[in-house]
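All chains are named by letter (A, B, ...) in the order of the sequence lines, taking the proteins before the strands, and each is independently numbered beginning at 1. Quick caveat: nothing in here was measured; it's all calculated off a predicted structure.
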2 protein chains.
Amino acid sequence: MHPDLSPSIPAAVGASLSGTNLERAGDHNQRVTLQAIRVGGPITRAELAEITGLTAPAIANITKRLLVEGLIVEAGRLLGQRGQPAMKLAINPNGCFSVGLNIDRDHISLVVLDLAGQVRARATREVDYALPDEVAEFARTELSAILATGTIKAKRLVGLGVALPDDLGKVHLPHQPDDYAIWDRTDLRTLFSGLPPLPVLVENDAAAAALGEAQFGLGLRHPSFFYLLISQGLGGGLVLDGQYFRGAEGRSGEIGFLPVRPATGPAYSLQDAVSLSALFNHMAARGYRLTQPDDLLSLDKGGQAALADWIAKAAGLLSGPMLSISCLINPQAVFVGGRLPGPVVDDLVAATNSRMAAECGQVPILAPLRRAAMAADAPAVGAAILPFNQRLLPGRSVLMKTAED
Amino acid sequence: MHPDLSPSIPAAVGASLSGTNLERAGDHNQRVTLQAIRVGGPITRAELAEITGLTAPAIANITKRLLVEGLIVEAGRLLGQRGQPAMKLAINPNGCFSVGLNIDRDHISLVVLDLAGQVRARATREVDYALPDEVAEFARTELSAILATGTIKAKRLVGLGVALPDDLGKVHLPHQPDDYAIWDRTDLRTLFSGLPPLPVLVENDAAAAALGEAQFGLGLRHPSFFYLLISQGLGGGLVLDGQYFRGAEGRSGEIGFLPVRPATGPAYSLQDAVSLSALFNHMAARGYRLTQPDDLLSLDKGGQAALADWIAKAAGLLSGPMLSISCLINPQAVFVGGRLPGPVVDDLVAATNSRMAAECGQVPILAPLRRAAMAADAPAVGAAILPFNQRLLPGRSVLMKTAED
DNA sequence: TCACTTTAGTTCTGTTTATGACTTATGGTA
DNA sequence: TACCATAAGTCATAAACAGAACTAAAGTGA
């Protein structure tokens, strides 16, 4: 595991043994209210009171604070009904921003996200095996350019989230330069000290993508899901009741390592067959040398047949693990995201779903695969959510003595 | 799903949108403190303040309340150190009790548990396909007898927990009487109204067993685990960060339904091969007619060989799903409980672990199987914990507007 | 037109609960 | 025996929400 990832695995039962006090309770209520506004769109104070279970005066106080802080705005009155028309409240899209950075072996990308969930600025560099200095320079340059446009105030930035694969500096891939292992020894918090002084939060890419889907994607309607991230490798993330579950050693969702044992030939791991690099290898073996995912959309007849073969094979390999997920975890759905083009994801999802239906036997409930609302940008967007989560949104925040304190 | 099980699946994000108030916060702190005493054994107020993050006066107030309520007792002073000797506090084993009832197709059992986790009374009836009236009569008779001894005061009972298989009235098994389907239409809360008027809480048996293991078994040291319950059928339960995860439709842990597709022959489900009834069938086919699990401990050579064959086969079938659990969920361990005799569980655990080690390939971390601390009684004990959880122990209790309110 | 109704939202007071400073208690240590 | 360290209680204070009363503003209908 990367040294920066999940720095604090909670001690046994300790996590649930924290008391709370009035300040914490108030903070929690403010976070809950903000989240209710974020999720419920423009919403009146009376509705907020109903949803949160708080009383009208409490909501009045909390919304007053949120208005003063500029996190929400008044968004028109609700006319046409009896009684005093209610003032609707909505997230202030310029109220606060967060920076998300995704580092992967074949690209680095940066987004600026607002609290309403809109990507307000984006920058990507397609570069293989970028080293820390290059990434830091990229982040500094792009962020300066974004801030220079003036639409985003530096003071409104609440933090920097970084999403990167667990094994970035660990696994040595064939074409990987030797010094790439430096990532394993890099402290990301100091690496980005050249930026405006922001809190830096780190998460693995699949987890970040899952978090993004939970907060701003289909997860809003499906609080428990497995997120399947098909990028350079194959990763996954588990969101249960709206909460990301990291696993005992921070390795939940490592679906890519699942062993596949074919009837003949040696065993291999699932991501050797189902991943962007596996797909590129498959296509190359058929004589189609692709350089980027979008090349998959402009294939000739033969290329399309090769792609269809890969999809059928991938669906066959995925259906078993997906059945396991359905039975063991029973999430509402499995969302598929990553860097595959949308139509290819759709085909893979359909093929896997029908494979599962054919194989399911007595399985009582199948969690259907669906294309995720966030795909290519998902890890970066998810990374950007981390600071929001820590500062503004409800979580385990009612508890005292967090790792940071 | 049984109608009584998980009556309130939380609406999407709503679960996390509840505000809190002072009373709730205070209640939460009291629950947290009680749990800290329960888990931490005899413990001083100063240590409680350290663990919970509350201040000494707050702990003083809370412990005073707990002492008045009789839930904790003073347990000797801590001498031999500088300063005033601290008073150690411990759970009052006679402070409160809970009744747990396990209903299964081949037996019904009842336990009375105290808050310290001790089974204070126990009753079992080995009866096939007991009907509701019979179970109610059993519970009434046994509970009266227990209360008649006088060691347990009726006033100190906080509730009745019931654990039963999800599909008790649903699935129709070969030897099952037709009227057994009445379970599906039975309201358990009214069924047990003949008892002292206790809150009745219902949970499926695997979930209850997992909960029991989490609160009073190995789960205290391993907050995230999968519990594998081998009883008449095969079930499972998922505990993550000390919290039982029920699944989107309340069907997490349904490992028994996982399809097995052998190289030759038709597909079947895992519990057709790995379960007490499957084992009995296997032994019967070899000429060994067993009537109860303990018969497995007194087999002759041939019987032992037949048992070993079954264990090898079961280990081979379990290793795949167990690898999936390791990769996808990454729990600290998998605990195996149920009605198999301990030595048989040990053999099965060892066989499965070595099978997994052989097959794991690149899997970064394996969750080892271990024999659960609670086995045969686990569902009943877990059921008895439900009322404790609702009334006394911390959970999602900081939130307002629970399903009950 | 105008009083009435209805709903939104604020103000004020009261309650609960934890905190902080201070005090008391009690046994070890020099 | 004087001193010190630690435990734990007391009291006043602050923070936060609840409840009741009040004001505001729009629709309703005679």
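Following rounding to the nearest Å, B/L54 (CG) and C/dT16 (P) show an atom-to-atom distance of 19 Å. For the pair A/E47 CD and C/dG9 C1', the interatomic distance rounds to 14 Å; values are reported in whole Å. Counting to the nearest Å, the C1' atom of D/dA8 and the CG atom of B/L67 are 13 Å from each other. Atom CG in B/L22 sits about 8 Å away from atom P in D/dA18, given to the nearest Å. Taking atom CG on A/N61 and atom P on C/dT11, their separation rounds to 9 Å, with Å as the unit. The interatomic distance linking B/K88 (NZ) with D/dA8 (C1') rounds to 17 Å, in whole Å. Regarding A/I43, its CD1 atom lies at a distance of 12 Å from the P atom of C/dA8, rounded to whole Å. A straight line from CG of B/D27 to C1' of C/dA18 spans 15 Å, rounded to a whole angstrom.
Residue B/N29 places at least one side-chain N or O under 4.0 Å from the OP1 or OP2 atom of C/dA18. Note on B/R82: every side-chain N or O is 4.0 Å or more away from OP1 and OP2 of D/dC3. For B/K64 and D/dT10, the shortest distance from a side-chain N or O to OP1 or OP2 is below 4.0 Å. For C/dT19, one of the phosphate oxygens OP1 or OP2 lies less than 4.0 angstrom from a side-chain nitrogen or oxygen of B/T55.
At a threshold of 4.0 Å, the pair B/R246-B/E203 counts as salt-bridged, since one of the basic side-chain nitrogens sits closer than that to a carboxylate oxygen.
Although no hydrogens or angles enter the test, the distance criterion places a donor-acceptor pair under 3.5 Å between the side chain of A/R31 and the main chain of A/Q390.
Between B/Q84 and A/P85, the residue anchored nearer the 5' end of DNA chain C, judged by the nucleotide with its closest heavy atom, is A/P85.
Of the listed nucleotides (C/dT10, D/dC17, C/dT19), D/dC17 has the atom at the smallest distance from the side chain of B/N21. Comparing C/dT19, D/dA26, C/dG9 against the side chain of B/A58 picks out C/dT19 as the nearest. In the set D/dA16, C/dT17, C/dT10, the nucleotide with an atom closest to the side chain of B/E23 is C/dT17. Of the candidate nucleotides C/dT17, C/dG9, C/dT19, C/dG9 has the atom lying nearest to any side-chain atom of A/M87. Closest to the A/P57 side chain, of the nucleotides D/dA26, C/dT17, D/dG19, is D/dG19.
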Trace of the salt bridge (charged side-chain N to carboxylate O under 4.0 Å, His left out) decision for B/R45 with B/E50: CA-CA 9 Å; B/R45 291 184 175 85; B/E50 169 67 20; over 6 Å; no
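Looking only at side-chain heavy atoms (C-beta outward), A/V162 and A/L201 stay at 4.5 Å or farther from each other.
Looking at heavy-atom distances under 4.0 Å, A/L79 makes contact with sugar-phosphate atoms alone, never a base. Counting non-hydrogen atoms under 4.0 angstrom, B/A56 reaches nothing in the nucleic acid.
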Could you list the donor-acceptor pairs under 3.5 angstrom formed by side chains in residues 77-87 of chain A, with sequence neighbours left out?
| residue | atom | partner | partner atom | Å |
| --- | --- | --- | --- | --- |
| A/R77 | NH2 | A/P85 | O | 3.0 |

